[in-house]
2 protein chains.
Amino acid sequence: MAADASDAPRAWQSVLEHIEAQLLEGRLRPGDRLPGERALSTELGVGRSSVREAIRVLEVLGLIRTQSGSGPSAGAIIISTPGGGMSALMRLQVAASGFPVADIVRTRLILESSVAGDLADATPAPDLTAADRLLDAMDSPTLAPQEFLALDAAFHLALAEASGNQVITATMAGLRSGIEGYALQGLAALTDWHATSARLRIEHRGIVEAIRATDAASARTRIHDHISGYYAETFIDPARTPTT
Amino acid sequence: MAADASDAPRAWQSVLEHIEAQLLEGRLRPGDRLPGERALSTELGVGRSSVREAIRVLEVLGLIRTQSGSGPSAGAIIISTPGGGMSALMRLQVAASGFPVADIVRTRLILESSVAGDLADATPAPDLTAADRLLDAMDSPTLAPQEFLALDAAFHLALAEASGNQVITATMAGLRSGIEGYALQGLAALTDWHATSARLRIEHRGIVEAIRATDAASARTRIHDHISGYYAETFIDPARTPTT
DNA sequence: TCCGTCTCTGTGGTCTGACCACACGTGCTA
DNA sequence: TAGCACGTGTGGTCAGACCACAGAGACGGA
């Protein structure tokens, strides 16, 4: 549907479609190497620059990883790191004011609350060792605020990963990237970083405790309040310029 | 942040960063035109092909729209259609088995349930005329299954739009695109399309009714059952090959 | 025989220059 | 004044060239 190859299939789009078709047929799988740019160029009858534009798109979208040189690890290799593409998308859309920050925060609230509740309800108790390790790291008193925030983001991401839902994990990584700039700016709005970080640490522990206690309702509430509270504290003006 | 410009900033990345910086500074806003490719090339000291690769990325991500020719509508114009980029991302990630279909469906369940509940709770009653119109269109008995599915997707999207959250709207558009191929395949698995479509119509009406009745709990349950029921019916094997 | 070095080859990364189709503006023409 | 032809600048594409890089194999010395 839509304006993909409707009337004027551009050269790079045909390359993209060719690769997508091969992926769908299973002739290309994660770990495989794409043909060389020159080979693809002659094979599809387009210029090498058009092939490169398609390759570039795939790379930004997190589908492939390119590597110069020679050998088995060189070339364009199919990986699947959706988080990268999602991050680029969210970051740029926020920059272009296509995504209001408030909407991103709301989406985070929805997804993270759901994740926390699901983790608490999960029948085989989820593996939270990664989250625990991050919480321990955040207890270090010598952390710079930026380092703390990075660990904080990793903690939330670890919860998503523990839920096993890769779509949510990638989306949350992207959401985080989209508002990272604002989070760093908001740092300056905090009057007492020491108190704030201490509160965040306590809230984090509380979230994990609620999950371990299989108290889904509490886990949802705690993470919801945790996120909304933090943004209420840092964003002086949460009602930023809306969409155009 | 991470491996953006860590050690080897590639030429096209510098172009991307330059444009992103201009967006963040507000020197580029939606509706503006980017400098010409040749101008950007000389301005940034990179080749035109590198500029084009960056432009291509922005285009696929839904940030800009390119137009040949001359005049005020020609060139690369900044738009913000996040749905397009999200769709491409989801579609390709699914093709590369980076996103399990089951995870996409689960994410849909979470987002749509939340949207329905929020719509029911919204203090100024949300505008559901678009959704109503789509439901009316779906009552036409001459619709082909594909047409019905397209309207169905539009209906769900209309609900997201009514919620006013652009991030969720774009994400849902992407999720839908990612599983569109499977939805069309699943059509063949239906034994009685007539009965299924009739049930879907009834469920849709019920969802809207619950929203109008400001019954958030019912709205959540109805849309949750609606989606999960449909996928249970069409996907013969919902436990598809997991990751990698 | 073994091991270090050396070149050779193929990869992506980049730049340059060229041509094309297109659409708007301009200015000429009838 | 109305219509049309041309110039101009745009993105779209291609071809060719060069570079840096990394592996693979050949080569030579110990």
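Sequence lines set the chain letters: A, B, ... in the order given, protein chains first and strands last, and positions in each chain run from 1.
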task: Just call it for B:Ala11: base, sugar-phosphate, or nothing, with non-hydrogen atoms closer than 4.0 Å on any strand.
output: sugar-phosphate
field: salt bridge (Lys or Arg N to Asp or Glu O under 4.0 Å) partners of residues 51-64 of chain B, not counting sequence neighbours, each pair once
entry: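 Every pair satisfying salt bridge (Lys or Arg N to Asp or Glu O under 4.0 Å) with a residue in residues 51-64 of chain B: A:Arg10-B:Glu59, A:Arg52-B:Glu53, A:Glu53-B:Arg52, A:Glu53-B:Arg56, A:Arg56-B:Glu53, B:Glu37-B:Arg52, B:Arg56-B:Glu59.
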task: Shoot me the first and last contacting nucleotide of DNA chain C against chain A, ordered 5' to 3', at under 4.0 angstrom to non-hydrogen atoms.
output: C:dG10 to C:dT14
Under the rule for side chain to side chain donor-acceptor pair (under 3.5 Å), what residues qualify as partners of [X], not counting sequence neighbours?
X	value
A:Asp152	A:His156, A:His204
A:Asp103	A:Arg106
A:Arg176	none

- request: Could I get the full list of side-chain contact (heavy atoms from CB on, under 4.5 Å) partners for A:Ala150, not counting sequence neighbours?
  value: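 Counting only residues at least two positions away or on another chain, A:Ala150 forms no side-chain contact (heavy atoms from CB on, under 4.5 Å).
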task: Mind checking side-chain contact (heavy atoms from CB on, under 4.5 Å) for A:Ser41 and listing every partner two or more places apart, or none if nothing turns up?
output: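 Listed in chain order: A:Arg48, A:Val51.
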Residues 23-33 of chain B side chain polar contacts: donor-acceptor under 3.5 Å, at least two apart:
residue, atom, partner, partner atom, Å
B:Glu25, OE1, B:Arg27, NE, 2.7
B:Glu25, OE1, B:Arg27, NH2, 3.0
B:Asp32, OD2, B:Arg29, N, 2.9
B:Arg33, NE, B:Ala74, O, 3.1

Sequence neighbours excluded - side chain to side chain donor-acceptor pair (under 3.5 Å) pairs with any residue from residues 67-87 of chain B: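 Residue pairs with at least one partner in residues 67-87 of chain B: B:Ser87-B:Ser177.
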- request: Identify, residue by residue, the members of residues 38-51 of chain B with a heavy atom below 4.0 Å from DNA chain D, and return them in order of residue number, or none.
  value: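 Within this stretch, B:Arg38, B:Arg48 sit under 4.0 Å of the strand.
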- prompt: Near DNA chain D, which residues from residues 52-69 of chain A have a heavy atom under 4.0 Å away?
  reply: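 Output list: A:Gly69.
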task: Would you sort out whether A:Thr129 and A:Asp127 count as a side chain to side chain donor-acceptor pair (under 3.5 Å), showing the intermediate values?
output: CA-CA 6 Å; A:Thr129 54; A:Asp127 180 17; 2.9 Å; yes
message: Judged by each residue's nearest nucleotide on DNA chain D, which is more toward the 5′ side, A:Pro72 or B:Ala76?
response: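 Its nearest nucleotide being more 5', the pick is B:Ala76.
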- prompt: Taking only residues two or more places apart in sequence or in another chain, which ones pass ring-ring contact (aromatic ring centres under 6.0 Å, His included) with A:Tyr230?
  reply: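 ring-ring contact (aromatic ring centres under 6.0 Å, His included) list for A:Tyr230, sorted by chain: empty.
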